[in-house]
Asker: 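Have a look at this one before I ask anything.
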Amino acid sequence: MQINDLKKILLENNHTIVIYKNDASVFVSNDRGVAPLMKLLKDNKLQLKDSIIADKVIGKAAALLMAYARVKEVYSPIISKPAIKVFEKHNIKISYDKTVERIINRKGDGLCPLETLCLGIENPDEAYISISNKLYQ
């Protein structure tokens, strides 16, 4: 399976994320934000190593989680510029349709809370801990 296959599944079925995992299984979700990634990372971080991901929207928080998981390749219709920098720094192959400065919250009146949380974070391990603390406290 290749990134274009995942892109097609993502867009045609209106999923939020599609992951071709390293055990050759495909994971799909319609959950919002980083919830699907966090669930998989909590279950077993290693299952995402070298995986390929198509994600509807990728901000810096999601990018840092993907770097933490050591994914191989990513596609997104919308990606933030800070997310691109994370992928470049960690040598993760990326393709996308549109870039934005930052990911905004669902109300549209400010930054996504996790984007705000990760503004000053560059280390994927630190990001995972910070995001976990925020989501699971």
Side-chain angles (χ1 to χ4, degrees):
M1 187 156 295
Q2 298 184 0
I3 198 71
N4 284 337
D5 300 316
L6 299 186
K7 177 180 176 178
K8 184 176 180 181
I9 294 167
L10 179 83
L11 299 176
E12 287 182 0
N13 298 290
N14 203 32
H15 294 302
T16 56
I17 193 167
V18 180
I19 302 172
Y20 182 65
K21 298 193 304 184
N22 63 22
D23 64 359
S25 68
V26 176
F27 170 87
V28 298
S29 179
N30 295 317
D31 292 340
R32 297 170 128 182
V34 300
L37 277 175
M38 288 300 292
K39 180 190 181 316
L40 293 172
L41 288 170
K42 279 182 71 179
D43 290 346
N44 179 5
K45 172 188 172 185
L46 294 177
Q47 69 181 316
L48 294 179
K49 184 178 185 289
D50 296 324
S51 63
I52 302 170
I53 298 177
D55 192 336
K56 195 172 184 178
V57 177
I58 299 178
K60 186 176 182 184
L64 284 164
L65 290 175
M66 291 175 195
Y68 173 77
R70 299 197 342 245
V71 304
K72 182 168 68 174
E73 185 175 1
V74 176
Y75 159 77
S76 183
I78 301 171
I79 190 169
S80 73
K81 290 179 180 177
I84 293 170
K85 288 181 182 173
V86 169
F87 290 135
E88 289 172 347
K89 178 179 179 182
H90 294 279
N91 298 311
I92 297 169
K93 185 176 178 184
I94 54 170
S95 55
Y96 51 87
D97 298 328
K98 178 183 175 185
T99 61
V100 294
E101 289 300 320
R102 301 267 187 218
I103 303 302
I104 57 169
N105 64 24
R106 292 187 185 118
K107 285 185 180 177
D109 62 0
L111 284 183
C112 161
L114 293 182
E115 191 89 345
T116 302
L117 178 70
C118 291
L119 281 176
I121 299 174
E122 298 302 323
N123 180 293
D125 293 341
E126 184 184 338
Y128 176 74
I129 292 166
S130 294
I131 293 167
S132 293
N133 288 341
K134 180 156 180 82
L135 295 180
Y136 303 117
Q137 278 188 354

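Sequential numbering from 1 along the given sequence is applied to the chain's residues. Just so it is clear, the model here is predicted, and its values are computed rather than measured.
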Asker: Please evaluate residues Asp5 and Lys7 with respect to the criterion side chain to side chain contact (heavy atoms under 4.5 Å, CB included), reporting the C-alpha separation (whole Å), side-chain torsions for both, the decisive distance (0.1 Å), and the verdict.
Answerer: CA-CA 5 Å; Asp5 300 316; Lys7 177 180 176 178; over 6 Å; no
Asker: Can you find a pair of side-chain heavy atoms, one from Pro124 and one from Leu65, that are under 4.5 Å apart?
Answerer: no
Asker: Which distance, rounded to the nearest 0.5 Å, do you find between the CG of Leu6 and the NE2 of His15?
Answerer: 11.0 Å
Asker: Please examine the side chains of Asn13 and Leu10, heavy atoms only from C-beta on, and report whether any two atoms are closer than 4.5 Å.
Answerer: no
Asker: Nearest 0.5 Å, please: how far is CE in Met66 from CG in Leu41?
Answerer: 9.5 Å
Asker: Looking only at heavy atoms, which two atoms of Asp23 and Ser25 are closest? And how far apart?
Answerer: OD1-OG, 2.6 Å
Asker: For residues Leu64 and Asn123, report the shortest heavy-atom separation together with the two atoms involved.
Answerer: CD2-C, 4.3 Å
Asker: How about Lys21 and Asp50: do any of their side-chain heavy atoms sit closer than 4.5 Å?
Answerer: no
Asker: Given the rule that I, L, V, M, F, W and Y join up when any side-chain heavy atoms are under 4.5 Å apart, are Val18 and Met1 in one cluster?
Answerer: yes
Asker: Would you call Leu119 and Lys60 a side-chain contact if the rule is heavy atoms closer than 4.5 Å?
Answerer: no
Asker: Under a 3.5 Å cutoff, is there a donor and acceptor pairing between the side chains of Asn4 and Tyr75?
Answerer: no
Asker: Once rounded to the nearest 0.5 Å, what's the spacing between atom CD1 of Ile58 and atom OG of Ser76?
Answerer: 4.0 Å
Asker: Looking only at heavy atoms, what is the nearest atom pair of Gly59 and Ile103, with distance?
Answerer: CA-CG1, 3.4 Å
Asker: Verify the cluster assignment for Val34 and Ile121: are they in a single hydrophobic cluster under the rule of side-chain heavy atoms below 4.5 Å apart?
Answerer: no
Asker: Hey, are the side chains of Glu115 and Leu117 touching, using non-hydrogen atoms and a 4.5 Å cut-off?
Answerer: no
Asker: For the CD1 atom of Ile9 and the CD1 atom of Ile17, what is their distance to the nearest 0.5 Å?
Answerer: 12.5 Å
Asker: Test Asn30 against Lys56 for side chain to side chain contact (heavy atoms under 4.5 Å, CB included), laying out the working first.
Answerer: CA-CA 10 Å; Asn30 295 317; Lys56 195 172 184 178; over 6 Å; no
Asker: Side chains of Tyr96 and Ile94, heavy atoms from C-beta outward: is any pair under 4.5 Å?
Answerer: yes
Asker: Please table the atom pairs, donor to acceptor, closer than 3.5 Å between any side-chain atom in residues 77-91 and protein atoms at least two apart or in another chain.
Answerer:
residue, atom, partner, partner atom, Å
Ser80, OG, Ala83, N, 3.2
Lys81, NZ, Glu101, OE2, 2.7

Asker: What residues, two or more places apart in sequence or in another chain, satisfy side chain to side chain contact (heavy atoms under 4.5 Å, CB included) together with Lys42?
Answerer: Tyr128, Tyr136
Asker: Check whether any side-chain N or O of Asn22 sits under 3.5 Å from a backbone N or O of Lys49 as a donor-acceptor pair, and report yes or no.
Answerer: yes
Asker: Taking all heavy atoms of Lys72 and all of Ile92, pick out the closest pair and write down the distance.
Answerer: O-CG2, 3.7 Å
Asker: To the nearest 0.5 angstrom, please state how far the NZ atom of Lys8 sits from the CD1 atom of Ile3.
Answerer: 14.5 Å
Asker: Any side-chain heavy atom of Cys118 within less than 4.5 Å of one from Ile131?
Answerer: yes
Asker: Please examine the side chains of Leu37 and Ile53, heavy atoms only from C-beta on, and report whether any two atoms are closer than 4.5 Å.
Answerer: yes
Asker: Which heavy atom in Arg106 sits nearest to a heavy atom in Arg32, and how many Å separate them?
Answerer: NH2-CB, 3.0 Å
Asker: Report yes or no: does Ser130 contribute a side-chain atom to a donor-acceptor pair with the main-chain N or O of Ala127 at less than 3.5 Å?
Answerer: no
Asker: Side-chain heavy atoms nearer than 4.5 Å, only ILVMFWY residues, links allowed to pass through others: does that put Val74 and Leu114 together?
Answerer: yes
Asker: Restricting to non-hydrogen atoms, name the atom on Leu40 and the atom on Gln47 that form the minimum distance, rounded to 0.1 Å.
Answerer: O-NE2, 2.9 Å
Asker: Enter the distance from Asn133:CG to Ile129:CD1 here, rounded to the nearest 0.5 Å.
Answerer: 7.5 Å
Asker: For the hydrophobic clusters of this structure (ILVMFWY residues joined by side-chain heavy atoms under 4.5 Å, transitively), does one cluster hold both Phe27 and Met38?
Answerer: yes
